[in-house]
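To start, the structure under review is shown below, and the notes come after it.
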2 protein chains.
Amino acid sequence: MEKQRVSDAVIRRLPRYYRQLSQLEREGVLRISSGQLSRLMSLTASQIRHDLNCFGGFGQQGYGYSVKGLKSAIADILELGQQKHMIIIGAGNIGQALACYEGFPREGFYVHAIFDNNPRLIGKTVGRLQVSDIQELESYLAAEKVNIAVVATPGEFAQQTADRLTACGVRAIWNFAPIDVAAPNNVVVENVSLSDSLYALSYFMNQLDEQA
Amino acid sequence: MEKQRVSDAVIRRLPRYYRQLSQLEREGVLRISSGQLSRLMSLTASQIRHDLNCFGGFGQQGYGYSVKGLKSAIADILELGQQKHMIIIGAGNIGQALACYEGFPREGFYVHAIFDNNPRLIGKTVGRLQVSDIQELESYLAAEKVNIAVVATPGEFAQQTADRLTACGVRAIWNFAPIDVAAPNNVVVENVSLSDSLYALSYFMNQLDEQA
DNA sequence: TAGATTGTTAATCGATTAACAATC
DNA sequence: TAGATTGTTAATCGATTAACAATC
C-alpha cells in the first residue's frame with residue numbers, strides 16, 4: 001500500500017500549524033482539540049484532522065492533541081531539526097534584511113555568505129557577515145555545502161544567477177526578484193514576489209470599498 | 001444577470017500575468033496567444049483564457065492578445081493606476097528594506113512614513129524618510145489618508161499594532177510579523193510569513209532528495 | 001476563404017467538508 | 001461508563017481542464 005502523495009495545499013498549511021502551536025506553547029497551553037485550533041486559525045476542524053492524518057495519527061480520541069507533541073511531529077515532517085545552509089545573492093535591501101533576520105537560525109536555517117557584484121558593497125559588514133564578490137560564487141560553492149540559495153538580485157539578473165547556482169549543484173532556490181525564475185526539474189524554486197502579495201491585498205481592499 | 005464573484009485563486013494569478021506581460025513588453029513582443037503564454041508561465045492555455053474571461057474578452061480570435069492591451073487591462077482590474085498611500089510600522093530589517101524598495105512606487109504604492117518604538121531608531125534616515133516615534137501613529141493617521149499599513153514589528157507586537165491601526169480606520173494590513181494577525185471583517189489582512197515560504201521550499205527540497 | 005485562436009460551456013479532477021464509527 | 005474527540009470514509013463543492021462553436 002503505497003503512501004499517497006500529500007498535496008501542496010496541505011504542505012503549505014504545515015508551517016502555519018507549526019507557528020500556531022509554537023504560540024500556544026509559549027502561552028503554556030498543553031493540549032488542544034481540532035475544534036479549538038480551527039477557531040484560532042480560521043480553518044475547519046475537519047480540515048485540520050484531515051491534514052494531520054496525511055502524516056499520521058497524532059491525536060488521541062476524547063482528548064485532542066498534545067501541543068508539544070504535535071508541534072514536534074510537524075517539525076519532524078518539515079525536518080526543521082536538521083541544519084540548513086544558505087547563501088544570499090544580492091546585498092541590496094532585501095538581501096541584507098534576510099541576512100540579518102534572526103528568525104531563520106532559530107529554526108535551523110543559517111546564512112553563511114552573501115554575495116554582490118557592486119564594488120561599493122563588497123567587503124561591507126551585514127550582520128555577522130561580510131559581503132563577498134559574486135565572482136567568488138563558483139569557488140565558494142565548490143568548497144561549501146549549500147542547501148538553499150536566496151536570489152535577491154534585481155529582476156534582470158535573477159535568471160542568470162539561478163543558472164549559475166544550478167550549474168554548481170544548488171538544489172533549492174528562494175527567489176525574491178520580481179521575475180519568476182525557471183530551473184531544471186531536479187531543482188526546487190520558490191518564487192516569492194512580494195509585489196504580487198501587495199497587489200492582491202490592494203485588490204481585495206478595493207473590492208471591500210466598492211461593497212461599502 | 002449578476003456578475004459572479006471571481007475566486008481568490010484567479011485574483012492571485014493576475015499579478016503574475018501582469019509581471020509576465022511587463023516582461024514581454026520590455027522584450028518588444030507585441031502580441032501573444034494563450035498557448036504561448038501558458039508555456040512561459042507553466043499554466044494551461046485553457047486556464048489563462050478562463051481566468052481572463054472572468055473580467056472580459058481581451059483577446060481576438062485567430063490573433064491572440066495584444067501584450068500592451070492585456071497588460072493595461074490587468075492594471076485596470078488591479079487598479080494599479082491609482083496611487084496607494086502606505087506607512088510601515090517597525091523599522092527593523094524588513095521594515096527598512098520595504099521602505100527602500102523601488103519597485104513599489106513604480107506601480108503607484110508610496111511609503112510616506114515609517115514608525116518604531118526604539119529611541120535609537122527614531123529620527124534615523126531610511127531611504128527618503130525619517131523614522132517617526134510610534135507614539136505619533138494615531139495623530140498621523142488622523143491627519144493623513146493611509147490606504148495600506150505594513151506591520152513589520154516583532155511577532156509579540158503585531159496584533160496590538162494591527163488593533164491600533166484598525167482603531168484608526170486603516171482598512172488594509174500587510175503583515176510581515178511571524179504571527180497571523182486578526183482584524184474585523186471590514187479590514188483586509190495579508191499575512192505574508194516569509195518563514196512559511198522557506199519551510200515549504202525546504203520540505204519540497206527534502207522530498208526531491210528522498211526520491212533520488 | 002482557410003487557419004488560427006478566442007470565448008464559453010461541459011466534464012473532470014482534486015480539495016474541502018460532513019458524517020460517524022472507533023476509541024480514549 | 002458516559003462524554004469527548006479523533007481517524008477515516010463518503011459527499012460536496014469548487015477549480016481546472018477539455019472541447020468546440022464562434023469569429024477574427
Side-chain angles (χ1 to χ4, degrees), chain A residues 1-17 20-21 24 29-74 77 200 203-204, chain B residues 1-17 20-21 24 29-74 77 200 203-204:
Chain A
M1 191 180 79
E2 187 64 31
K3 187 78 184 165
Q4 187 161 330
R5 217 194 80 86
V6 179
S7 82
D8 270 30
V10 174
I11 301 303
R12 291 192 178 274
R13 276 192 294 271
L14 291 181
R16 284 191 64 206
Y17 292 133
Q20 184 64 63
L21 291 161
L24 289 166
V29 179
L30 295 180
R31 70 181 232 197
I32 192 149
S33 70
S34 57
Q36 294 171 300
L37 198 55
S38 74
R39 263 163 268 131
L40 289 170
M41 298 186 68
S42 309
L43 301 171
T44 64
S46 197
Q47 180 165 62
I48 292 174
R49 293 201 302 279
H50 197 279
D51 282 358
L52 297 175
N53 278 97
C54 294
F55 303 98
F58 304 120
Q60 205 172 333
Q61 282 96 333
Y63 176 90
Y65 301 85
S66 148
V67 168
K68 221 185 183 94
L70 185 55
K71 184 193 166 208
S72 94
I74 294 176
I77 297 163
Y203 176 90
F204 294 129
Chain B
M1 190 181 77
E2 186 64 30
K3 186 80 187 164
Q4 187 163 327
R5 216 193 80 86
V6 179
S7 80
D8 270 30
V10 175
I11 301 304
R12 290 191 179 274
R13 277 192 293 270
L14 292 180
R16 284 190 63 207
Y17 292 133
Q20 184 65 62
L21 290 161
L24 288 166
V29 178
L30 295 180
R31 71 183 232 198
I32 192 151
S33 70
S34 58
Q36 294 171 299
L37 198 54
S38 74
R39 263 163 268 132
L40 289 170
M41 299 185 68
S42 309
L43 301 170
T44 64
S46 196
Q47 179 165 63
I48 291 174
R49 293 200 303 277
H50 198 280
D51 282 357
L52 297 175
N53 279 96
C54 294
F55 303 97
F58 304 120
Q60 207 171 330
Q61 283 96 332
Y63 176 91
Y65 300 85
S66 147
V67 168
K68 220 184 182 95
L70 186 54
K71 184 192 165 207
S72 94
I74 294 176
I77 297 164
Y203 177 90
F204 294 130

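Since we're looking at a predicted model, the values are computed, not measured. Convention: sequence-line order gives letters A, B, ...; per-chain numbering from 1.
To the nearest angstrom, C1' of C:dT5 lies 14 Å from CG of B:L70. The interatomic distance linking B:I48 (CD1) with D:dT16 (P) rounds to 12 Å, in whole Å. Summarising the geometry, the separation between CG on A:D8 and P on D:dT16 is reported as 13 Å, rounded to the nearest angstrom. Atom pair B:L37:CG and C:dT5:C1' shows a separation of 14 Å (rounding to whole Å applied). Atom-to-atom, CG of A:D51 to C1' of C:dT16 comes out at 9 Å; the value is rounded to the nearest Å. Note: CD (B:Q47) to C1' (C:dG14) measures 14 Å, nearest angstrom. The CG-P distance, from B:L43 to D:dA15, rounds to 16 Å in whole Å.
Evaluation of the salt bridge (Lys or Arg N to Asp or Glu O under 4.0 Å) test over residues 31-48 of chain B, restricted to residues two or more places apart or in two chains, returns none. Residue pairs meeting the side chain to side chain donor-acceptor pair (under 3.5 Å) criterion with at least one member in residues 40-52 of chain A, sequence neighbours excluded: A:R13-A:D51, A:Y17-A:D51, A:S34-A:R49.
Counting heavy-atom neighbours within 6.0 Å of B:L30 CG, excluding the residue itself, gives a total of 12 or less.
A search for side-chain hydrogen bond (donor to acceptor under 3.5 Å, both in side chains) contacts involving A:R12 returns A:E190, not counting sequence neighbours.
Nearest heavy atoms, A:S38 versus A:A45: CB-N, 3.4 Å.
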Between the protein and nucleotides 6-8 of chain C, are there any N/O to N/O pairs under 3.5 Å, and if so, what are the atom names and distances?
unit_1: C:dT6; atom_1: OP1; unit_2: B:S34; atom_2: N; d: 2.6
unit_1: C:dT6; atom_1: OP2; unit_2: B:S34; atom_2: OG; d: 2.6
unit_1: C:dG7; atom_1: OP1; unit_2: B:F58; atom_2: N; d: 3.2
unit_1: C:dG7; atom_1: OP1; unit_2: B:G59; atom_2: N; d: 2.9
unit_1: C:dG7; atom_1: OP1; unit_2: B:G59; atom_2: O; d: 3.3
unit_1: C:dG7; atom_1: OP2; unit_2: B:N53; atom_2: OD1; d: 3.2
unit_1: C:dG7; atom_1: OP2; unit_2: B:Y65; atom_2: OH; d: 2.9
unit_1: C:dG7; atom_1: N7; unit_2: B:R49; atom_2: NE; d: 3.0
unit_1: C:dG7; atom_1: O6; unit_2: B:R49; atom_2: NE; d: 3.4
unit_1: C:dG7; atom_1: O6; unit_2: B:R49; atom_2: NH2; d: 2.8

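Among B:I32, B:L52, B:L43, the one residue that satisfies the side chain to side chain contact (heavy atoms under 4.5 Å, CB included) test with B:L37 is B:I32.
Paired runs in DNA chain D that reach 3 or more consecutive Watson-Crick or G-U pairs, where each pair keeps both distances under 3.5 Å, cover C:3-24 with D:3-24.
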May I have the list of side-chain donor-acceptor pairs in residues 57-71 of chain A shorter than 3.5 Å, sequence neighbours left out?
unit_1: A:S66; atom_1: OG; unit_2: A:G69; atom_2: N; d: 2.9
unit_1: A:K71; atom_1: NZ; unit_2: A:E25; atom_2: OE1; d: 2.9

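For the pair A:F55/A:I74, no side-chain contact is recorded, criterion being any heavy-atom separation below 4.5 Å from C-beta on.
Residue B:R13 is in sugar-phosphate contact alone, with no base atom involved, counting any heavy-atom pair closer than 4.0 Å across all strands shown.
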